[in-house]
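Below: one structure, written as structure tokens.
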Amino acid sequence: MLASTTFFGLMAVTIRIASASLPTFEIAFFRNSFGLLALLPVLWLGGASLHTRQLPRYLLRSAIGIGSMLCGFWAIGHLPLSQAISLSYSTPLFVTIAAVFWLGEQVHHRRWAAVIVGFLGVIVIVRPWSSAFSAGSLVAVLAAVLSAVVAIQIKQLSRVDPADTIVFYTYAFWVPLSLLPALFVWQWPHGMAWLWLVLTGLFGTGGQLLWTRALRIGDVSALTPISFMQLPLVAVAGYLLFDESISRWTVIGAAIIFAANAYIARREVLLSRKSATAAPTEAAKPGE
């Protein structure tokens, strides 16, 4: 998980650098294209199966995922890095809400309380009452909302298809879907821009593969704190490379969101273990 977190942090840095000379839509396209090229040999060596009966679901998941990606990339390119990444950590809060209305999951008062506390952290970062408020911060929040919807869809897809199949079809749809908007603002990269685009794809795919494997072998509650190491990484990079100051409000809000996410993750693990003890046959289904 630490390696995955480092990769995602480095991807954010390369996106920020590339944003100085290229539009967000185009960065997203190259991130997906180079990411797919990096992914193919991994899937081939791993003997991944590409058989699926869920192509319409993959198309919907990928379309929403592109929306989340574009919003997230725009936020990284136009907001302070520490703020953009801190707001991205609100995704689990929205996942909890979406799971109730989409999957019919039961969420009891303790987790609802954690969600409310987490949203207080989001408000602290955004600070809608102050002159420092930027409408651009709402783009980062929208990215988190769309990412939560994608997480629910992945959970549904994983009940039928293995993780590598999901990753492949996601990228296979992402490339053409991200090309369409990129064509309207297209400008050919030059010089070092190609390096940042290639690294964006490599870091993004590497981080995603490492993340899925970390979750496969470790508890979410134990891994969640490690994932937050991305924040100090990008905060230091923002300070050293882009002369960005680190707002105390961002630090306070991120700490609140972290505490809420850690509690939610811990509760989900405890409830999953309780369910597995009560119904081991159901819990043994692949992808659950």
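- Side-chain atoms of Ser147 do not come within 3.5 Å of backbone N or O of Ala143 as any donor-acceptor pair.
- Under the 4.5 Å side-chain heavy-atom criterion for ILVMFWY residues, a single connected hydrophobic cluster contains both Ile76 and Leu138.
- With rounding to the nearest 0.5 Å, the separation of CZ in Phe29 from CZ in Phe34 is 8.5 Å.
- Counting heavy atoms from C-beta on, the side chains of Ile97 and Phe119 come closer than 4.5 Å.
- Checking side-chain atoms of Glu26 against main-chain N and O of Gln187 turns up a donor-acceptor pair under 3.5 Å.
- Taking the ring axis of Phe242 as reference, the NZ or CZ atom of Arg16 stays within 45° of it and closer than 6.0 Å to the ring centre.
- Here the shortest heavy-atom pairing between Ser82 and Ser86 reads O-OG, 2.7 Å.
- No side-chain N or O of Asp161 forms a donor-acceptor pair with one of Tyr169 less than 3.5 Å apart.
- Hydrophobic clustering places Leu93 together with Val145 (ILVMFWY residues linked when any side-chain heavy atoms are closer than 4.5 Å, directly or through intermediates).
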Next on the checklist: Walk me through whether Phe228 and Tyr89 qualify under ring-ring contact (aromatic ring centres under 6.0 Å, His included).
Outcome noted: CA-CA 8 Å; Phe228 271 78; Tyr89 284 128; 4.0 Å; yes

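- You'll find the side chain of Pro80 stays beyond 4.5 Å of the side chain of Thr250, heavy atoms only.
- Here Phe7 contributes atom CZ and Leu2 contributes atom CG; the two are 11.0 Å apart, rounded to the nearest 0.5 Å.
- By the side chain to side chain contact (heavy atoms under 4.5 Å, CB included) test, Tyr239 is found to be paired with no residue, residues two or more places apart in sequence or in another chain being considered.
- Note on ring orientation: taking the six-membered ring where Trp is involved, the planes of Phe30 and Trp186 are tilted (angle from 30° to 60°).
- Hydrophobic clustering of Ile, Leu, Val, Met, Phe, Trp and Tyr side chains at less than 4.5 Å, counting indirect connections, unites Trp196 with Leu70.
- Minimum interatomic distance between Phe133 and Pro128 (heavy atoms only, all atoms of both residues): CD1-CA, 3.7 Å.
- Counting all heavy atoms, side chain and backbone alike, Pro181 lies closest to Phe25 at O-CD1, 3.4 Å.
- For the atom pair OG of Ser247 and CD1 of Ile252, the computed distance is 8.0 Å after rounding to the nearest 0.5 Å.
- Note on Phe8 and Ile17: same hydrophobic cluster, where clusters join Ile, Leu, Val, Met, Phe, Trp and Tyr whose side-chain heavy atoms are under 4.5 Å apart, directly or indirectly.
- Here the OG-CG distance, from Ser33 to Leu197, works out to 10.0 Å after rounding to the nearest 0.5 Å.
- Considering only heavy atoms from C-beta on, Cys71 comes within 4.5 Å of Leu142 through its side chain.
- Listed for the Arg31 side chain is no donor-acceptor partner under 3.5 Å among the backbone atoms of Phe203.
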Next on the checklist: Pair Ile257, Val124 - check side-chain contact (heavy atoms from CB on, under 4.5 Å), show working.
Outcome noted: CA-CA 10 Å; Ile257 295 173; Val124 168; over 6 Å; no

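- The backbone N or O of Val175 sits less than 3.5 Å from a side-chain atom of Ser178, completing a donor-acceptor pair.
- No donor-acceptor pair under 3.5 Å is formed between the side chain of Ser68 and the backbone N or O of Ile64.
- Follow the hydrophobic side-chain contacts under 4.5 Å out from Val117 and you never reach Ile125; the two are in separate clusters.
- Checked against side chain to side chain contact (heavy atoms under 4.5 Å, CB included), Ile152 has the following partners two or more places apart in sequence or in another chain: Val95, Ala98, Ala99, Trp102, Leu103.
- Between Glu105 and Lys155 there is a salt bridge, with a side-chain nitrogen of the basic residue lying less than 4.0 Å from a carboxylate oxygen of the acidic one.
- You'll find the side chain of Leu81 stays beyond 4.5 Å of the side chain of Leu241, heavy atoms only.
- Counted within 6.0 Å of CH2 on Trp129, heavy atoms from surrounding residues, nucleotides or ligands total more than 12; the atom is thus considered enclosed.
- With Thr165 contributing its side chain and Leu50 its backbone, the two residues share no donor-acceptor pair below 3.5 Å.
- Looking at Arg61 and Trp174, their side chains come closer than 4.5 Å, going by heavy atoms from C-beta outward.
- Nearest heavy atom pair, residue Leu199 against residue Thr14, reads CB-CG2, 4.0 Å.
- Ring to ring, Tyr171 and Tyr58 are not that close: their centroids are 6.0 angstrom or more apart.
- For Val122 against Ser90, the heavy-atom pair with the smallest separation is CG2-CB, 3.6 Å.
- Using cut-offs of 30° and 60° on the angle between ring planes, the pair Trp188 and Trp194 is tilted.
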Checklist entry - Going through the checks in order, is the side-chain contact (heavy atoms from CB on, under 4.5 Å) test met by Val126 and Leu87? => result CA-CA 9 Å; Val126 174; Leu87 290 173; 3.9 Å; yes

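- Apart from Trp74 itself, the hydrophobic cluster it occupies contains Val139, where clustering links Ile, Leu, Val, Met, Phe, Trp and Tyr at side-chain heavy-atom distances under 4.5 Å.
- Rounding to the nearest 0.5 Å places OG1 of Thr24 at 12.0 Å from CE of Met69.
- Taking NE2 of His78 as the reference point, atom OG of Ser137 lies at 14.0 Å (rounded to 0.5 Å).
- With contacts defined as side-chain heavy-atom distances shorter than 4.5 Å, the pair Phe168/Leu40 qualifies.
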Item to check | Step-by-step side-chain contact (heavy atoms from CB on, under 4.5 Å) determination, Ile66 to Asn32 | outcome: CA-CA 10 Å; Ile66 284 294; Asn32 295 328; 3.8 Å; yes

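- What you find for Leu210 and Ser4 is that their closest heavy atoms are CB-CB, 3.7 Å.
- Of the residues listed (Ile166, Val160, Leu59), the one engaging Gln54 in a side chain to side chain contact (heavy atoms under 4.5 Å, CB included) is Val160, and it is the only one.
- Contact check for Ser19 versus Ile27: side-chain heavy atoms found under the 4.5 Å cut-off.
- Side-chain contact check for Leu55 versus Phe173: some heavy-atom pair is nearer than 4.5 Å.
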Next on the checklist: Gln230 vs Ser88, test: side-chain contact (heavy atoms from CB on, under 4.5 Å). Steps then yes/no.
Outcome noted: CA-CA 11 Å; Gln230 182 183 358; Ser88 73; 5.6 Å; no

